[in-house]
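Predicted, not measured: the structure shown is a model, and the values here were computed from it.
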Amino acid sequence: MERFVVAGGARLAGEVQVTGAKNSVLKLMAASLLAEGTTRLTAVPAIYDVPVMASLLETLGCSVGQEPGAVEVTVPAEPGCEAGYDLVRRIRGSIAVLGPLVARCGRAKVALPGGDAIGSRPLDMHIAGLLKLGATVEVEHGYVVATAPRLTGASVWLDFPSVGATENLLMAAVLARGTTTIDNAAREPEIVDLCTMLGQMGAQIGGVGTSTLVVDGVDALRPTAHETVADRIVAGTWAIGAVMTRGDVRVDGGRAEHLEVPLDKLVAAGAQVDVDATGFRVRMEGRPRAVDLVTLPYPGFPTDLQPMFLALDAIAEGTAMATENVFESRWMYVDELRRLGADVRTDVKHAVVRGRERLSGAPVRAHDIRAGAGLVLAALVADGTTELSDAQHIDRGYQGFVESLVRLGADVRRETVPDDTY
Ligand code: UD1
């Protein structure tokens, strides 16, 4: 287990670099399955989930070369079609191989990823969409098995703009016979990134960046080279950290246009945000004001920044209400925030946060990537020392988190400790 030991009282100042998005690169790696040959991805973050996805592709017969910042996936003429539980359960993003495999091989058998610490995450929309495209889908023995000698284009309406379902259906539809329309599609920048890469591979996709995607299926795609879009959640984390610590941070590579709502909220909290050609700078003097937030699919406030913003509201002047509309169990980490002295009450969808002048360091535990990052930000503004256990969750989504914090002036160190036996 990894443990981060964080001394409170830091002021984050300086420059931090943002690399490619976790939530994009895993899907881009899955998309490489759609074409025989070698696809090269750059701006690949050095995070735990990337080698896990690489191992999964290897079990499908691909060879994967990894170097700092890049991954090369070489896909055989006939990839394997079975993605086992051992790897799929470790990263939920691996469900993204379902669409490409059924499109490419006519059959896919992918383990159900199971739940996680932010709520139950069913696959009903993924499955309903594949059925519409003419696949036979069965869920048995913990696996989704989808079969279709050749998918056929269809009209698909998503009940909710699910990121994962939109991606799987896109990757299935690009090789289907005829035209597929995906209505109420997700519009996240990571979806646009996937569409861009698929377009480079020869896919015909209209309406990119809107909630109606129109895909004209083609017979085959070709491999490509593609640079992963910058991680807006990592960039947003640094921005919030700068405001909480009354600091001054330039986020190099951060795409402010992908963070309009969160950056607006930081301005409402009292921050100054300056956007330049290659990033943005966030400065804060004095104590932030409490700001309400409501999580929604893009372009709304991202659910993945909710824990960090709650940490900000925990030390802000005033009372804020946060509403979570995307994942029903995303308040599980709030008990840990309370251990740091935060005054937070929750019901199913809402959290009311009464800001306190300072928090107080305590031993806490990271339940997931984003909760872990939120707790680290809270620890930076707490009196004394915080020991964050299960910090390896943070390594799943943040490249060199501790090193970046230290460069920005924080007193943080990593310890590797033996796992608990129970
Ligand atoms: C992705 C991101 C995650 C982010 C989320 C929302 C990755 C690896 N993860 O997750 O970091 O928080 O988008 O921006 O990219 N749902 C169903 N049925 C389905 C599919 C989804 O009910 O078939 C529900 C989920 O339980 C959830 C909501 O829809 O409540 C949104 O999920 P979705 O957008 O699919 O998120 P993910 O793709 O899993």
Looking only at heavy atoms, which two atoms of [X] and [Y] are closest? And how far apart?
{"X": "Ala31", "Y": "Met197", "value": "CB-CE, 3.9 Å"}
{"X": "Ser32", "Y": "Val73", "value": "OG-CG1, 3.4 Å"}
{"X": "Leu57", "Y": "Met29", "value": "CD1-O, 3.7 Å"}
{"X": "Ala185", "Y": "Leu213", "value": "CB-CD1, 3.8 Å"}
{"X": "Val97", "Y": "Ala83", "value": "CG2-CB, 4.0 Å"}
{"X": "Ile47", "Y": "Gln399", "value": "CG2-N, 3.6 Å"}

For a side-chain contact (heavy atoms from CB on, under 4.5 Å) check, start with the C-alpha distance between Thr180 and Leu169, then their side-chain angles and the critical distance, and finish with the verdict. CA-CA 9 Å; Thr180 299; Leu169 297 175; over 6 Å; no

Could you check whether any side-chain heavy atom of [X] comes within less than 4.5 Å of a side-chain heavy atom of [Y], counting everything from C-beta outward?
{"X": "Lys132", "Y": "Ser155", "value": "no"}
{"X": "Ser94", "Y": "Val110", "value": "no"}
{"X": "Val44", "Y": "Gln66", "value": "no"}
{"X": "Leu359", "Y": "Ile315", "value": "yes"}
{"X": "Val229", "Y": "Val192", "value": "no"}
{"X": "Val75", "Y": "Thr39", "value": "no"}
{"X": "Leu405", "Y": "Phe4", "value": "no"}
{"X": "Asp231", "Y": "Thr19", "value": "no"}

Output the distance between atom [atom1] ([X]) and atom [atom2] ([Y]), rounded to the nearest 0.5 Å.
{"X": "Glu324", "Y": "Leu310", "atom1": "CD", "atom2": "CG", "result": "10.0 Å"}
{"X": "Lys349", "Y": "Trp331", "atom1": "NZ", "atom2": "CH2", "result": "10.5 Å"}
{"X": "Arg246", "Y": "Leu12", "atom1": "CZ", "atom2": "CG", "result": "13.0 Å"}
{"X": "Arg414", "Y": "Asp395", "atom1": "CZ", "atom2": "CG", "result": "4.0 Å"}
{"X": "Ser55", "Y": "Arg90", "atom1": "OG", "atom2": "CZ", "result": "7.0 Å"}
{"X": "Arg40", "Y": "Leu28", "atom1": "CZ", "atom2": "CG", "result": "14.0 Å"}

Using the side-chain contact (heavy atoms from CB on, under 4.5 Å) rule, take Tyr298 and Leu296 through it: C-alpha gap first, then chi angles, then the decisive distance, then the call. CA-CA 6 Å; Tyr298 191 83; Leu296 283 171; over 6 Å; no

Mark yes or no for whether [X], through its side chain, and [Y], through its backbone, hold a donor-acceptor pair below 3.5 Å.
{"X": "Glu336", "Y": "Ala366", "result": "no"}
{"X": "Asp313", "Y": "Ala290", "result": "no"}
{"X": "Arg104", "Y": "Ala77", "result": "yes"}
{"X": "Asp252", "Y": "Gly279", "result": "no"}
{"X": "Asn184", "Y": "Leu158", "result": "yes"}

Let's go through Asp368 and Met332 carefully: what are the C-alpha distance in whole Å and the side-chain angles of both, what is the deciding distance for side-chain contact (heavy atoms from CB on, under 4.5 Å) to 0.1 Å, and is it a yes or a no? CA-CA 10 Å; Asp368 70 79; Met332 271 168 66; over 6 Å; no

Can a donor-acceptor pair be found between the side chains of [X] and [Y] at a distance below 3.5 Å?
{"X": "Thr212", "Y": "Asp183", "value": "yes"}
{"X": "Thr179", "Y": "Asp216", "value": "yes"}
{"X": "Thr38", "Y": "Thr74", "value": "yes"}
{"X": "Arg232", "Y": "Ser24", "value": "no"}
{"X": "Asp390", "Y": "Gln392", "value": "yes"}

Does the side-chain contact (heavy atoms from CB on, under 4.5 Å) test come out yes or no for Val291 and Leu293, once each step is laid out? CA-CA 7 Å; Val291 180; Leu293 71 92; 6.0 Å; no

Taking side chain to side chain donor-acceptor pair (under 3.5 Å) as the cut-off, I'd like each qualifying pair that reaches into residues 369-378, sequence neighbours left out, listed once.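 Every side chain to side chain donor-acceptor pair (under 3.5 Å) pair that includes a residue of residues 369-378, provided the two are not neighbours, is Arg370-Tyr398.
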
Does the pair Arg396 and Asp49 meet the rule for a salt bridge (charged side-chain N to carboxylate O under 4.0 Å, His left out), with working shown? CA-CA 5 Å; Arg396 293 190 42 211; Asp49 279 14; 2.9 Å; yes

Got a sec: does the [atom1] of [X] have more than 12 other heavy atoms crowding it under 6.0 Å?
{"X": "Glu415", "atom1": "CD", "value": "yes"}
{"X": "Glu78", "atom1": "CD", "value": "no"}
{"X": "Glu285", "atom1": "CD", "value": "no"}

Is the Phe301 ring parallel, tilted or perpendicular to the Phe309 ring (thresholds 30°, 60°)?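 Geometry flag for Phe309 against Phe301: perpendicular rings.
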
Does any pair with a residue in residues 9-56 pass ring-ring contact (aromatic ring centres under 6.0 Å, His included), and if so which ones, sequence neighbours excluded?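 As it turns out, there is no ring-ring contact (aromatic ring centres under 6.0 Å, His included) pair with a partner in residues 9-56 once direct neighbours are skipped.
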
If you apply the rule salt bridge (charged side-chain N to carboxylate O under 4.0 Å, His left out), what do you find for Asp304 with Lys22, and how did you get there? CA-CA 12 Å; Asp304 285 353; Lys22 168 183 96 71; over 6 Å; no

Let me see the working for Glu15 and Arg250 under salt bridge (charged side-chain N to carboxylate O under 4.0 Å, His left out), right down to the final yes or no. CA-CA 5 Å; Glu15 184 162 278; Arg250 183 171 178 279; 2.7 Å; yes

Should Arg281 and Asp248 be marked as a salt bridge (charged side-chain N to carboxylate O under 4.0 Å, His left out) after you check the CA-CA gap, both sets of side-chain angles, and the distance that decides it? CA-CA 7 Å; Arg281 178 177 174 191; Asp248 181 351; 2.7 Å; yes

Below 4.0 angstrom, N of the basic side chain to O of the carboxylate: do Glu167 and Lys27 qualify?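 The answer is yes: the pair qualifies as a salt bridge.
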
